Student: 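Encoded as structure tokens, here's the structure I'll be asking about.
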Amino acid sequence: MILLSTISDFFSFSDPNVLFVLAGMVFLGISSSTIGTFAFLRKRSLTGDAIAHSVLPGICLAFLLFDTRNLWVLLGGAFVTGWLSIFLVDIVTRKSRIKTDAAIGIALSVFFGAGIVLLTYIQQTGNAGQSGLNNFLLGKAAAMSPDDIITMMVVSGIIVLVVVLFFKEFTLLAFDPEYARASGMPIRFLETLLTTLTVMAVAVGIQAVGVVLMAAMLITPPAAARFWTNNLKKMVLLSVAFGILGGFMGAFISYTDNRMPTGPWVVTMTSLLVLFSLIAAPGKGLAASWLLRRRYGEKVGRENTLKVLYHLKEQHPERQTFTMEAMLQRRSMDPVKLARALRSLIKKGMVVRQDNGYQLNTSGEEEGKRIVRIHRLWEMYLTEKMNIAADHVHDDAEAIEHIITPEMEEKLARLLDFPDKDPHNKTIPW
Amino acid sequence: MTIRAEHPVIEAHDLTVSYQRKPALWGVDFSLPAGVLTGIIGPNGAGKSTLIKAIMGLAHPDSGYVRILGRPIDEVREKVAYVPQRGSVDWDFPASVLDVVLMGRYRKRGLLRKLHAADKELAFHCLEKVGMQDFIKRQISQLSGGQQQRVFIARALAQQAEVYLMDEPFAGIDATTEQTIFELLGEMRKEGKSIVVVHHDLQSAYKYFDWIILLNTQLIGSGPKSDIFIPEFLRKTYGGKLNMLTSVGELMAELEAPLREKN
Ligand SMILES: Nc1ncnc2c1ncn2[C@@H]1O[C@H](COP(=O)(O)OP(=O)(O)OP(=O)(O)O)[C@@H](O)[C@H]1O
Ligand SMILES: [Mg+2]
């Protein structure tokens, strides 16, 4: 298989270039996801996008001025225009009535437009060194040189170091900037520092991902990580892991076909990780809540079945077994669900299947009795303590009977002084 | 009517603060004695939050100044704790109740320094004081509004300050908890702390506060509650919300007239 051999080619590192690419993706994941987590929590995703688009003219200008593809030089240019755009956004929002989102939109288009103009100019002059420059648009991981990787390593090292040093401060700034200011933290300095780190993260990432999609590299890993944890430190680590994973997958796909740019694939992969988290994350994910609902639905089905069997036995004390038809007559239920509930109850050893129907055994009878008791106690509570008319309490009790815990039941019983009849004069079984 | 304090902890001198030229506070001038529980009272939009923010140095006055413990706020920040309104933050943040209370210790520990076990103990103690010790590990988005408010109070307590400024700390808090916290504030006052609270309920205000500031853009009164909490002043504070002053303020905003003549 071609795919398999490509995979083994890729991960056996027979091509030394692969090693560079993977190393680059690690540093990219570290720098952009770490700083992206704070941008995400501060709801500054758009700022990241503005920075990413605004570095393009800086790169082109640096190239034109110094006639080199040395990453440090290009980064210098990226840094200048990236910062300039954020500075302008800040000024415009403070001095005029233009709101932040509009100001960001303006800065983004103006800078990116200028960048495209410069890029076109460079391409038309046919400068030999320009060959790689349009890779900055959509990213080309394979175009990274060993020197570039070292640059990325240094920059991501700086970012990690600063974030570790200022972790408390950045956390408070993200959660409650006003309180941070009130307790005397140097807010302006911290914000400037975060913006600087964002520009740095963008600048090192654009070679692999490109300016157009770099913002997604800042935002998607933390967005995915947020689903899995409620702890900020874990969230940072997890989003780094997602960033690296997305980077590897994207780099691999673009490796399989040399013409494919890396950026779109990396971002597609990190976006898939967001989608995956949205569905699969425990607790917050869609799958988890679907499962929870389903499990609860099954529990309700089982408990209702036990209750029906108990009611039938109350009605016909002389009989032991009851058919499904009798149960359906007593309570309208979906027959398919009833059959499923009965199967599950048999497995749990609460119901036994006989020739002529179903029979409760001891534990099933106990459980059925408990549900009926809670139902009637709750009806009692509503009429006695909440002054609700007796003919209005049944539906409420239908829902509550599946929720009340043994402790609550005991409290309820004590509160009502262990009554033996419910409001409809039915016996409460103890 | 303004009754001045002898050795004030907080003093505001001719304080005017405006948003887009529309004054929210106008020539507010008062002083508060140390070790009292002060209530700031006034209708919605009276400028109570603005006053707290101006004292904390979070809103910039067009004119006038504030002194805390005789100094500008920037020199005494670690001695002043602030409880913002609950709605000012997004509670869907990856943090536990303990994490938020520990934020009250960040400044004390400073850069690069880790929080100590003692900080956690103190945080737990502060949570106990507001009756939230059972929620210490709870993710903050899973708290009710009143519980979130209590976490904010605990965070301020963890700061171990001398002056406390609280913006509607009782919003959404049930009556029993309100009483418990008022008693807690009473104890802190006995220890010599000064506490300023924005409050809406007149009844409990009269019961618990020693000193009252009545505010409606202008200062209506500041002094011991027996002098200030009288029908005449209360009517002035609440009656006719759109009084002359507000209309003049709106007019000034329209005309872009300067709030103070330059001299
Ligand atoms: N950020 C802002 N921008 C513009 N106007 C503002 C801003 N904040 C407050 N204001 C205005 O300033 C005035 C005072 O507001 P402030 O929040 O201080 O009132 P408050 O007394 O705290 O009211 P509440 O009881 O509703 O909390 C109001 O008229 C309000 O509309
Ligand atoms: Mg307010």
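Keep in mind that this is a model prediction, so the values were computed, not measured. Below, read A as the first sequence line, B as the second, and so on, with proteins coming before strands; counting in each chain starts at 1. Computation of the quantities below employed the complete heavy-atom set of this structure, encompassing side-chain atoms and omitting hydrogens, waters and symmetry-equivalent molecules.
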Student: Evaluate the ring planes of F38(A) and F170(A), with Trp represented by its six-membered ring, and classify them as parallel (under 30°), tilted (30 to 60°) or perpendicular (over 60°).
Tutor: perpendicular
Student: Please give me the minimum heavy-atom distance between P221(A) and A216(A), naming the atom from each residue.
Tutor: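 Heavy atoms only, the tightest pair is CD-O, 3.8 Å.
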Student: Assert yes or no for the condition that the ring centre distance of F152(B) to W91(B) is strictly below 6.0 Å.
Tutor: yes
Student: Under 4.5 Å heavy-atom distance to chain A, tell me which part of V83(B) shows up: side chain, backbone, both or neither.
Tutor: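 Contact with chain A: none, neither part.
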Student: Is E78(B) close to chain A through its backbone or its side chain, or both, or neither, when contacts mean heavy atoms under 4.5 Å?
Tutor: neither
Student: State, without any angle test, whether W83(A) and T195(A) hold a side-chain donor-acceptor pair at a distance under 3.5 Å.
Tutor: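 Judged by distance alone, the side chains do not pair up.
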Student: Taking every heavy-atom pair that is under 4.5 Å apart, which of L232(A), N231(A), T229(A) has the most such pairs with chain B?
Tutor: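 Looking at each option in turn, the highest pair count goes to L232(A).
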Student: Relative to chain A, which segment of I73(B) carries a heavy atom at a distance below 4.5 Å: side chain, backbone, both, or neither?
Tutor: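 No part of it gets close to chain A.
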Student: Go through the atoms of D176(A) and report whether side chain, backbone, both or neither lie under 4.5 Å from a heavy atom of chain B.
Tutor: both
Student: Take K411(A) and E407(A) through the salt bridge (Lys or Arg N to Asp or Glu O under 4.0 Å) test and state the conclusion after the steps.
Tutor: CA-CA 6 Å; K411(A) 256 194 212 162; E407(A) 299 86 58; over 6 Å; no
Student: Quick check on the interface: out of K43(A), R226(A), K233(A), M185(A), who has the most heavy-atom pairs with chain B under 4.5 Å?
Tutor: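 Ranked by heavy-atom pairs under 4.5 Å with chain B, first place is R226(A).
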Student: For Y106(B) and T171(A), does a side-chain donor sit closer than 3.5 Å to a side-chain acceptor?
Tutor: no
Student: Identify which part of A180(A) has an atom lying under 4.5 Å from any heavy atom of chain B, answering side chain, backbone, both or neither.
Tutor: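 A180(A) has no heavy atom closer than 4.5 Å to chain B.
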